[in-house]
Amino acid sequence: GRTPGTRVGHPVRGMASFDAYQALNAGIVPSGESVNAAYMDVRKAKMKVDYKKVHEERKGWVDVTEVLQKATKEMKIGTMVHGPDFSLYEAMSALELMDPKMDPGMVLPKDKEVKSKEPLDPSKISVKLSGSQLIAIMDRSIALFVAWCNGNSFSHTVLTVLYLHPGFLSRSDIPPVLLAFVKGYLKLCSKIRFVVLKADVFEEEDFNSTSVGLALGEQFKDEEVLKSLDAAISSYEVKEVKKDSKVKSSEVKEEKKKQKEDQKDESQGAALGVKSRLVFIKHLWLMHKQLAARETKEGKNTIGKIEKTLKIVRATQAHASSECPGFDPSISRKMVAHAPPRVLQPPNNLTTMLYFLTFLKHIKRTLKIAHEMKQLEDVITYFYGLSVDSPGIVVRSHALLMLNKDSDLMGMGDVADLIRGSCMRFCPSTFAIVNTDPDVKVFVRRVSKPICHMLRLFSANRARQRRMIGRLLPEWYVLQQDASLLDRKAINEMHKAGIVIAAGSTGLPCTHPSFSWVLDCTLRLLIHHVALGFELQLFSPREYISSLWYLEYLLNCTVKNRMRMKKAIAPRWQKKLDLLIQKKSGKTKKSRRRKKKSPQNAKASAEAFMVEAMKDMCKGTYKTMQALQKLGVLKFEELPYSNDRVIFEHRFEEFHRVAQPVPLSYSDYEQHNNLEKLQTFYLLNSASTAFQSCKILAKEA
């Protein structure tokens with residue numbers, strides 16, 4: 001522990017606050033002015049302090065642990081004792097997370113040359129480049145682009161390419177091939193930045209949106225860039241090798257001939273490599289442009305061209321020169337004063353290729369599923385799966401932009417109509433009673449926004465989704481109230497039709513169709529919240545039992561809610577219900593035919609099996625842990641400053657923002673999981689039964 005104003009490992013700060021420690025022990029709290037004055041005295045004398053002498057005079061530190069323990073008993077949760085010059089932002093920034101995207105970095109001994117060397121002048125770069133040098137420049141530029149798309153700082157990636165700077169672009173002696181590549185590269189970066197900013201689901205570790213004042217091709221028109229790229233590509237057409245018909249017998253002449261052929265092959269390989277990279281940049285830019293405009297057919301064709309070009313790019317990487325001029329990692333320090341001095345190592349060729357192949361795979365899957373999806377449930381399932389894969393911010397942004405345009409969801413129609421259809425499929429027996437009611441139109445319009453928020457949630461950074469779920473829950477609480485009011489109308493209509501809803505009656509139709517649909521969506525969010533806690537390793541081992549117990553409760557609520565929608569209705573009530581629906585819809589009754597099992601129904605049944613299997617898995621796991629805990633195999637240390645009740649209440653505090661499912665308290669957990677009342681045999685038997693049920697359900701799914 002340490003007193004207010006001290007810093008661990010700093011003897012001068014410890015001396016400055018020693019009086020504060022004595023005053024705290026005596027029950028006297030020093031004023032902020034006296035502490036600040038002591039800090040100022042220490043700062044002024046900091047350069048004159050002889051640390052060796054200080055250590056000799058003060059051989060030990062003052063132990064203030066007991067004082068802080070007394071203070072913690074009087075402090076509330078969330079309060080903190082600290083010095084006046086302390087801030088959480090500075091403390092967070094000082095931490096090294098060993099992640100190059102987040103850490104400010106430092107100058108290592110081997111990087112001293114980078115620090116001392118003056119930044120290169122873009123206007124003085126040599127433009128006399130060979131084909132192999134052009135390949136090396138293009139490969140490094142593309143690798144830095146990939147590093148930027150993966151969340152690294154713009155100033156350490158794209159900004160270090162000197163060919164993009166105004167000082168170089170203002171020159172008149174730039175080769176047309178290099179100028180075309182630079183223009184296409186700038187347009188590609190500009191389009192990526194536009195897509196990510198428009199989707200607006202990125203976090204600071206996902207994407208660095210600042211361009212540091214660098215113009216990303218805004219000065220060039222799209223038509224001009226396309227003409228430049230086409231002209232450069234046509235100038236690099238590979239000519240076929242003409243074989244000599246004459247055969248020379250001399251060994252010397254044959255060797256010279258072989259050398260000339262090798263040189264021709266090398267030059268042609270370099271030419272093919274430059275051409276393929278120009279084609280790649282062109283099509284990659286056009287693909288992002290087409291996807292942003294929701295031109296899916298054109299986007300599919302362009303993806304096929306990119307895949308073919310990538311094979312040639314990969315095959316010609318060996319022709320790249322070891323010399324790669326035009327890159328200066330230290331230029332970020334010249335243009336951005338606060339930029340850290342760290343030098344970023346760009347990804348190698350293999351990593352770059354894997355990035356593009358993975359990216360294209362996800363984009364193709366998105367386009368395919370977007371074409372096949374017909375229902376709202378398909379869209380939610382797709383975005384949930386996209387969140388699990390975590391493909392990258394660019395793919396997630398494109399998927400979200402294709403999702404909703406002018407209230408059209410994935411090209412399937414209006415969001416409100418899709419929600420109405422989803423409610424009808426969830427509870428077809430009684431939702432049809434109020435389907436034509438004007439209040440339903442208002443209700444589905446209100447649900448549209450939370451549904452879109454849910455899809456945005458699944459497109460966001462996976463590590464940030466738990467906090468976002470907490471902000472979405474109040475919306476679903478209001479929707480539960482609205483759905484209950486809508487269900488009262490359905491109940492009144494059923495009463496008028498002679499369908500008596502009373503306690504003890506059997507075979508009755510569902511009385512809460514709208515509320516049950518909203519509850520199912522709410523449960524999906526709560527289950528995702530708890531599951532993320534395990535995935536992100538936020539739970540300590542002592543929380544596993546309580547968290548699995550709560551997760552099993554949520555899954556059980558989901559199963560019961562869906563089973564309630566599928567329960568059979570007695571024939572006498574079904575007839576009256578059919579007449580009521582015909583009256584409300586104005587349609588005559590048609591002969592019913594047995595419907596074949598559609599793929600959508602098969603997916604729904606598979607999902608229901610997996611939910612039940614997951615419920616049994618949770619139950620079997622926490623029952624096993626309880627048995628091990630009762631046997632003394634699994635032990636948890638006592639917490640000195642907290643307890644299990646406080647941890648439980650804080651962990652599931654956000655679940656109290658909704659009325660249903662009923663939030664559970666720690667008292668409920670203790671009541672159902674009192675180890676003193678439970679026998680080891682019962683726990684192990686329950687776990688075994690749950691695991692066997694899970695195995696059967698998983699096979700059926």
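Starting from 1, each residue takes its place in the sequence as its number.
- Side-chain contact between Glu323 and Leu129 is absent, with no heavy-atom pair separated by less than 4.5 Å.
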I would like to know whether Arg462 and Gln465 meet side-chain contact (heavy atoms from CB on, under 4.5 Å); could you show each step before the answer? CA-CA 5 Å; Arg462 199 155 175 85; Gln465 291 180 11; 4.0 Å; yes
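- When every heavy atom of Ile137 is checked against every heavy atom of Pro325, the shortest pair comes out as CG1-O, 3.7 Å.
- From Lys275, atom NZ reaches atom OG of Ser234 across 9.0 Å, with rounding to the nearest 0.5 Å.
- Looking at Tyr163 and Ser141, their side chains never bring a donor and an acceptor atom within 3.5 Å of each other.
- Between Val127 and Phe168, some side-chain heavy-atom pair lies under the 4.5 Å cut-off.
- More than 12 heavy-atom neighbours from other residues, nucleotides or ligands sit within 6.0 angstrom of CD on Glu218.
- Residues Leu216 and Ser190 approach most closely at O-CB, 3.1 Å, considering heavy atoms.
- No side-chain heavy atom of Ser155 sits under 4.5 Å from any side-chain heavy atom of Thr160.
- With hydrogens and angles disregarded, a donor-acceptor distance shorter than 3.5 Å links the side chain of Arg277 to the backbone of Val313.
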Chi angles and distances behind the side-chain contact (heavy atoms from CB on, under 4.5 Å) call for Trp476, Met454: CA-CA 11 Å; Trp476 290 97; Met454 181 191 293; 3.7 Å; yes
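- The line from SG of Cys521 to CG of Leu376 is 7.5 Å long, rounded to the nearest 0.5 Å.
- Under the 6.0 Å distance and 45° angle rule, Arg140 counts as a cation-pi partner of Phe327.
- At a threshold of 4.5 Å between non-hydrogen side-chain atoms, the residues Leu551 and Met614 count as touching.
- Thr309 is not listed as a side-chain neighbour of Ile306, based on a closest heavy-atom distance of 4.5 Å or more.
- Within the 4.5 Å cutoff, the side chain of Phe145 has heavy atoms near those of the Leu284 side chain.
- For the pair Ile192/Cys149, a side-chain contact is recorded, criterion being any heavy-atom separation below 4.5 Å from C-beta on.
- Taking 4.5 Å as the limit, every side-chain heavy atom of Pro329 sits out of range of all side-chain heavy atoms of His156.
- Few gaps surround CD on Glu203; more than 12 heavy atoms of other groups in view lie less than 6.0 Å from it.
- Judged by distance alone, with hydrogens and angles left aside, the side-chain atoms of Tyr384 form no donor-acceptor pair with the main-chain N or O of Phe458 at under 3.5 Å.
- The nearest pair of heavy atoms linking Ile135 to Ala320 is CG2-CB, 3.7 Å.
- For an aromatic pair to be called close, the ring centres must be under 6.0 Å apart, and Phe207 with Trp148 satisfies this.
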Evaluate the criterion side-chain hydrogen bond (donor to acceptor under 3.5 Å, both in side chains) for residue pair Ser422 and Gln375; output intermediate values, then yes/no. CA-CA 7 Å; Ser422 178; Gln375 300 175 355; over 6 Å; no
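- Between Asp389 and Arg365 there is a salt bridge, since at least one side-chain N of the basic residue sits less than 4.0 Å from a carboxylate O of the acidic one.
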Asp222 vs Lys183, test: salt bridge (Lys or Arg N to Asp or Glu O under 4.0 Å). Steps then yes/no. CA-CA 10 Å; Asp222 291 356; Lys183 287 180 179 179; over 6 Å; no
Audit row: Glu295, Lys289, salt bridge (Lys or Arg N to Asp or Glu O under 4.0 Å) steps and yes/no: CA-CA 9 Å; Glu295 299 173 357; Lys289 186 178 178 181; over 6 Å; no
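- For Phe356 and Phe280, the ring centers sit closer than 6.0 Å to each other.
- A distance-only check finds a donor-acceptor pair linking the side chain of Arg456 to the backbone of Ala199 [under 3.5 Å].
- Just one residue in the list Val201, Asn461, Leu457 forms a side-chain contact (heavy atoms from CB on, under 4.5 Å) with Met468, and that residue is Leu457.
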Working for salt bridge (Lys or Arg N to Asp or Glu O under 4.0 Å), residues Lys364 and Glu307: CA-CA 11 Å; Lys364 284 165 57 179; Glu307 289 177 330; 2.9 Å; yes
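- Ring to ring, His288 and Phe194 are not that close: their centroids are 6.0 angstrom or more apart.
- Thr157 contributes a side-chain N or O that, together with a main-chain N or O of Ser153, makes up a donor-acceptor pair within less than 3.5 Å.
- Taking both residues in full, the closest heavy atoms of Ser459 and Leu455 are given as OG-O, 3.0 Å, listed atom of the first, atom of the second, then distance.
- Judged by distance alone, the side chain of Ser387 and the main-chain N or O of Phe383 form no donor-acceptor pair under 3.5 Å.
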Residues Ile303, Met287; criterion side-chain contact (heavy atoms from CB on, under 4.5 Å); working and verdict: CA-CA 7 Å; Ile303 288 172; Met287 182 201 67; 3.5 Å; yes
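- The backbone N or O of Ala147 lies less than 3.5 Å from a partner atom in the side chain of Asn152, making a donor-acceptor pair.
- For the pair Leu229 and Ala180, the tightest heavy-atom approach, listed with the atom from each and the gap, is CD2-O, 3.4 Å.
- Thr316 OG1 to Met138 CE: the interatomic distance, rounded to the nearest 0.5 Å, is 10.5 Å.
- The nearest pair of heavy atoms linking Ala232 to Leu278 is CB-CD1, 3.8 Å.
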Give the intermediate values and the outcome of side-chain hydrogen bond (donor to acceptor under 3.5 Å, both in side chains) for residues Thr351 and Asn348. CA-CA 5 Å; Thr351 305; Asn348 56 33; 2.6 Å; yes
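- A salt bridge links Arg425 and Glu377; the closest N-O separation between the charged side-chain nitrogens and carboxylate oxygens is under 4.0 Å.
- Once rounded to the nearest 0.5 Å, the distance linking CG of Leu526 with CG of Leu555 reads 11.0 Å.
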Start with the C-alpha gap between Leu538 and Arg466, add the side-chain angles, then the distance that decides, and say whether side-chain contact (heavy atoms from CB on, under 4.5 Å) holds. CA-CA 11 Å; Leu538 301 179; Arg466 279 171 58 88; 3.2 Å; yes
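- In this structure, NZ on Lys128 lies 9.5 Å from CG on Asp173, to the nearest 0.5 angstrom.
- Considering CG of Leu386 and OG1 of Thr366, their distance stands at 6.0 Å, rounded to 0.5 Å.
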